[in-house]
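Below is one structure, written out as structure tokens; the observations come after it.
Here the structure is a predicted model, which is why all the values come from computation and not from measurement. Index from 1, following the sequence. Order of appearance sets the numbers: ligands from 1, and atoms from 1 within every ligand.
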Amino acid sequence: MDKIVVEGGGRLVGKIPISGAKNAALPLLAAALLPSGASTFKNVPALADVRTMAKLLRMLGWDADSGGKDHTLTIAPPTGKKKPKLEAPYDLVKTMRASVLVLGPLVARYGRARVSMPGGCAIGARPIDQHLKGLEAMGAKVTLAHGYVDVEAKRLKGASIMLDMPTVTGCENIMMAAALAKGRTVIENAAREPEVEELGLVLNKMGAKVKGAGTPIITIEGVDDLQPIEHSIMPDRIEAGTFAVGAAMTKGDVLLEGARPEHMDAIIAKLRTMGAVVTAEAGGLRVKGGDVIPADITTQPHPGFPTDMQAQFMVLACMARGQSVIKEMIFENRFMHVPELGRMGADIVITGRAAAIRGGKPLSGANVMATDLRASASLILAGLVAQGKTEVLRVYHLDRGYESIEKKLKAVGAKIKRAKDA
Ligand code: EPU
């Protein structure tokens, strides 16, 4: 198994190209199940999660073989006698919860889907009750048995759906289902993440009638069929945010090429509060680090501060002289990086959903690992400023969501390499 070895010290200076967004790519690839022809996506990030989604689409009978070469992926429906297989098996869902995104499109287009119920995961229980509530409101029959959820509907019907919380993939599943339903669906308390907005845009390119994606109320007029499309995936705001923290904490100066500042308001605001100079430039977003200032952060659904940046900002808070308090309000167990950072000398105390970080003490390199993608990224960031060598194990978590993180960091001056773990 691979590990990442980082030597602390040095500033990040230069340009980092930002890849396509993982959390946009996954629902968009699932949306390719909706039209009757082949859709092509560009700027597809080369990530383990994207490969898993392509594998799932192949298991369902679609051709998704270009495997992300040149960051282009074409997804073509089964032809001739080949019939789609309407099931997402446990083996895939357990490696990637976002597999559940095939539920909406399959039921909408083929009248049935069977998807393994995702269990809890490292960051929380993460149920899918809102996804199912939405589909049921649209007339689907939902049955749970043997660890699988079976959803059936001859043709889904438009419905009014008030979500209990603005769930991102739940909202995306319902949008894809509603695109081919009969009549109008209104989703209230919808997730406003830029990736949800991007899905609305892509569904509309396919011929759907989606209004309000990116706002709390999304209205979808169902249509009878959808057309294949070509689409270039938006840049990854969380990857950009992660490198922005790297620049801020190393007193570096980095241009995040292609990053879209309009997707990153809450991240940019906290970077500035914490002493970085952030400017939107023609080619992307420029981040210059200064003395780090403590700050309090509370994660919220978009446009609030993203939970996917919480671990990285915690490392930044470790650099500030003084106390910062970070509250995690989205997932109940997303502090796994804290004990690992503790092993590197960080002074962090957790009380319920809040972590108090007393910063300003030097971190020291250590062997660390984490059971979640963003937690792993935070450990790499910590390694950039720690004294001595840090080895981050279980790199497969990083490979799920960061394309060539070590190459991108090395190109801006980090002493970092990938190595084989004994
Ligand atoms: N929730 C429910 N019931 C549901 C759905 C969600 O109770 O039916 C709860 C969750 O347990 C959680 C909250 O609602 O407490 C929000 O979860 P959400 O459904 O929005 O999360 P998700 O759609 O499963 C996506 C991203 C995550 C990101 C979250 C929050 C994708 C593929 N994943 O997950 O990304 O953290 O939204 O923004 O879009 C990551 O990239 O590292 C990652 C975990």
**Prompt:** Charged N to carboxylate O under 4.0 angstrom, K141 versus E136?
**Reply:** no

**Ligand-side contact atoms (ligand 1) for residue partner Q130, heavy atom cut-off under 4.0 Å** = 3 (N), 4 (C), 8 (O)

**Asked** Can you tell me which residue and heavy atom of the protein come closest to atom 20 (O) of ligand 1, and the distance to 0.1 Å?
**Response** V168 N, 2.8 Å

**Request:** Measure the distances from the heavy atoms of P127 to every atom of ligand 1 and state whether one is below 4.0 angstrom.
**Result:** yes

**Asked** What part of D308, side chain, backbone, both or neither, has a heavy atom within less than 4.0 angstrom of ligand 1?
**Response** side chain

**Request:** Would you mind listing which atoms of ligand 1 come within a distance below 4.0 Å of any non-hydrogen atom of K22?
**Result:** 40 (C), 41 (O)

**Request:** Given side-chain hydrogen bond (donor to acceptor under 3.5 Å, both in side chains), test E193 with H263 step by step and report yes or no.
**Result:** CA-CA 8 Å; E193 271 69 3; H263 294 163; over 6 Å; no

**Identity and distance of the protein heavy atom lying nearest atom 34 (O) of ligand 1** = R126 NH2, 3.2 Å

**Request:** Could you tell me which atoms of ligand 1, counted from 1 in the order shown, lie closer than 4.0 angstrom to a heavy atom of H131?
**Result:** 8 (O)

**Prompt:** Under 4.0 angstrom from ligand 1, any heavy atom of R334?
**Reply:** yes

**Asked** Short list, please: which atoms of ligand 1 are under 4.0 Å from a heavy atom of I330?
**Response** 12 (C), 15 (O), 16 (C)

**Atom pair CG/NE2 of D308 and H302 - distance to nearest 0.5 Å** = 12.0 Å

**Prompt:** Does the separation of the ring centres of F313 and F305 fall below 6.0 angstrom?
**Reply:** yes

**Request:** Taking all non-hydrogen atoms of both residues into account, name the closest pair between Q130 and I174 and its distance.
**Result:** O-CD1, 3.8 Å

**Item:** Element-labelled atoms of ligand 1 that are located less than 4.0 Å from some non-hydrogen atom of M165
**Value:** 1 (N), 2 (C), 3 (N), 7 (O), 14 (O)

**Prompt:** Just going by heavy-atom distances, which of V100, L373, N333, D129 is nearest to atom 3 (N) of ligand 1?
**Reply:** D129

**Item:** atom 23 (O) of ligand 1 - nearest protein heavy atom and its distance
**Value:** T169 OG1, 2.6 Å

**Prompt:** Which residue supplies the protein heavy atom nearest to atom 19 (O) of ligand 1, what is that atom called, and how far is it?
**Reply:** T167 OG1, 2.6 Å

**Asked** Which residues pass the salt bridge (charged side-chain N to carboxylate O under 4.0 Å, His left out) test with E197, sequence neighbours left out?
**Response** none

**Request:** Could you tell me whether K389 atom NZ has more than 12 heavy atoms of other residues or ligands within 6.0 Å of it?
**Result:** no

**Nearest neighbour in protein (non-hydrogen) for atom 21 (O) of ligand 1** = F331 CZ, 3.9 Å

**Asked** Which is it for T307 and ligand 1 at heavy atoms under 4.0 Å: side chain, backbone, both or neither?
**Response** side chain

**Item:** side-chain hydrogen bond (donor to acceptor under 3.5 Å, both in side chains), paired with K42, selected from E230, H71, H231
**Value:** E230

**Request:** Going by heavy-atom distance to atom 31 (C) of ligand 1, choose the closest among I128, N23, N173.
**Result:** N23

**Asked** So do the side chains of R374 and Y402 get within less than 4.5 Å of each other, counting heavy atoms only?
**Response** yes

**Message:** Quiz question: by atom type and distance under 3.5 Å, do the side chains of R334 and T307 form a donor-acceptor pair?
**Reply:** yes

**Message:** Between D253 and R11, does any NZ, NE, NH1 or NH2 come within less than 4.0 Å of an OD or OE carboxylate oxygen?
**Reply:** no

**Prompt:** Under a 4.0 Å heavy-atom limit, does R374 contact ligand 1 with its side chain, its backbone, both, or neither?
**Reply:** side chain

